[in-house]
Number of protein chains: 2
Amino acid sequence: MILNFRHEIGGEKLIIAIAQDKNTREVLMVAYMNKEALERTIETGMAHYWSTSRKKVWLKGESSGHTQKVDEILVDCDMDAIILKVEQKGGACHTGYYSCFYRKLIPPEKLENIGQKVFNPEEVYRG
Amino acid sequence: MILNFRHEIGGEKLIIAIAQDKNTREVLMVAYMNKEALERTIETGMAHYWSTSRKKVWLKGESSGHTQKVDEILVDCDMDAIILKVEQKGGACHTGYYSCFYRKLIPPEKLENIGQKVFNPEEVYRG
């Protein structure tokens, strides 16, 4: 693999992966990938990430059904970060928003909600 | 500071910062910020990052002049990543491209150049 998995967190070598809506260019989320997550993403065409808390590869949408179909992968200059251009099913954020970046910072400490809620997390993640 | 500087690299507590063109929504680069880099960004309105290799805060554009004027800061659901909506002077990438993500991955190992070159790095970084 030509990428540089140089971000070492919890002993795992990682790249940064940014998911971006392929049509609107809205940034949906950012997460890490290890080599296996990237390989599975390429093989299946569906975004897989590395969970630094659970220490495992996960398919985005595995419990919610809100998967990301990968249309294109862009690579940055120093090969340690990628952009996934995706078709997002439902919403990217576990809170029900389409993007995880649904709040604007009003410095120093205020947050203004500017996001678009697309599902009810209590319904999606129940049971 | 309300953000969660949970990404620990080289002993430094960091958030992920994505710079995005405020008009076209093109993603320009991704880097880390420590608390001081974020504070300086807010104070000055110009993007500052934490260099994990040089272990210091840097003003984006300090040697090239290719600064990023920050228009808006978006915060993600778990408060450990932000988007800077910026006005990019010149180009974001040290290679001369407008975005650091100037290549498309053709799996498994090929890269196709799709970026827009906006300056000659040999002229900008000489001397």
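Throughout, a chain's letter reflects where its sequence line sits, starting with A, and its residues are numbered from 1. Keep in mind that what you see is a predicted model, and the values were worked out from it rather than measured.
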So how far is it from Q20(B) CD to Q20(A) CD, rounded to the nearest 0.5 Å? 6.5 Å
Find the one option among I82(A), L38(A), T95(A), D78(A) whose heavy-atom pairs under 4.5 Å with chain B are most numerous. I82(A)
So, taking the atom named CG in D76(A) and the one named OG in S99(B), what distance separates them when rounded to the nearest 0.5 Å? 8.5 Å
Can you name the nearest heavy-atom pair linking I18(B) to F101(A), along with the distance? CD1-CZ, 4.2 Å
Is there a path from W50(B) to I16(A) through hydrophobic residues (I, L, V, M, F, W, Y) whose side chains come within less than 4.5 Å of each other? yes
Greater than 12 external heavy atoms within 6.0 Å of K13(B)'s NZ: no
Which portion of I42(A) sits near chain B, non-hydrogen atoms under 4.5 angstrom: side chain
For I83(A), is it the side chain, the backbone, both, or neither that has a heavy atom closer than 4.5 Å to a heavy atom of chain B? both
Is it possible for you to say whether W58(A) and L14(A) belong to one hydrophobic cluster, with membership spreading through side-chain heavy-atom contacts below 4.5 Å? no
List the steps, then state whether side-chain contact (heavy atoms from CB on, under 4.5 Å) holds for H7(B) with Y32(A). CA-CA 11 Å; H7(B) 306 273; Y32(A) 290 101; 2.9 Å; yes
Given the rule that I, L, V, M, F, W and Y join up when any side-chain heavy atoms are under 4.5 Å apart, are V86(A) and V118(A) in one cluster? yes
How many angstroms lie between atom CG of L74(B) and atom NZ of K104(A), to the nearest 0.5 angstrom? 8.5 Å
If I take atom CZ from residue R25(A) and atom OG1 from residue T24(B), how far apart are they, to the nearest 0.5 angstrom? 5.0 Å
Run the numbers on I106(A) and I73(B) for side-chain contact (heavy atoms from CB on, under 4.5 Å), then give the verdict. CA-CA 8 Å; I106(A) 316 290; I73(B) 299 177; over 6 Å; no
Is it the side chain or the backbone of V30(A) that comes within 4.5 Å of chain B heavy atoms, both, or neither? side chain
Start with the C-alpha gap between V75(A) and L111(B), add the side-chain angles, then the distance that decides, and say whether side-chain contact (heavy atoms from CB on, under 4.5 Å) holds. CA-CA 8 Å; V75(A) 179; L111(B) 292 171; 3.8 Å; yes
Look up atom SG in C77(A) and atom OH in Y102(B), then write down how far apart they are to the nearest 0.5 Å. 6.0 Å
Can you say whether E39(B) sits under 4.5 Å from chain A via the side chain, the backbone, both, or neither, judging by heavy atoms? neither
So M79(B) and R103(A), side-chain contact (heavy atoms from CB on, under 4.5 Å) or not? Walk me through it. CA-CA 10 Å; M79(B) 315 280 286; R103(A) 293 168 301 184; 3.3 Å; yes
Are V57(A) and I9(A) co-members of a hydrophobic cluster defined by side-chain heavy atoms under 4.5 Å apart? yes
Answer key: most heavy-atom pairs under 4.5 Å with chain A among V27(B), D80(B), I114(B) is V27(B)
For the CD atom on E109(B), are there more than 12 heavy atoms of other groups (residues, nucleotides or ligands in this structure) within a distance under 6.0 Å? yes
Separation between CD1 (I2(A)) and CG (L105(B)), nearest 0.5 Å, reads 5.5 Å
Measuring heavy-atom distances to chain A, does E72(B) have an atom under 4.5 Å in its side chain, in its backbone, in both, or in neither? side chain
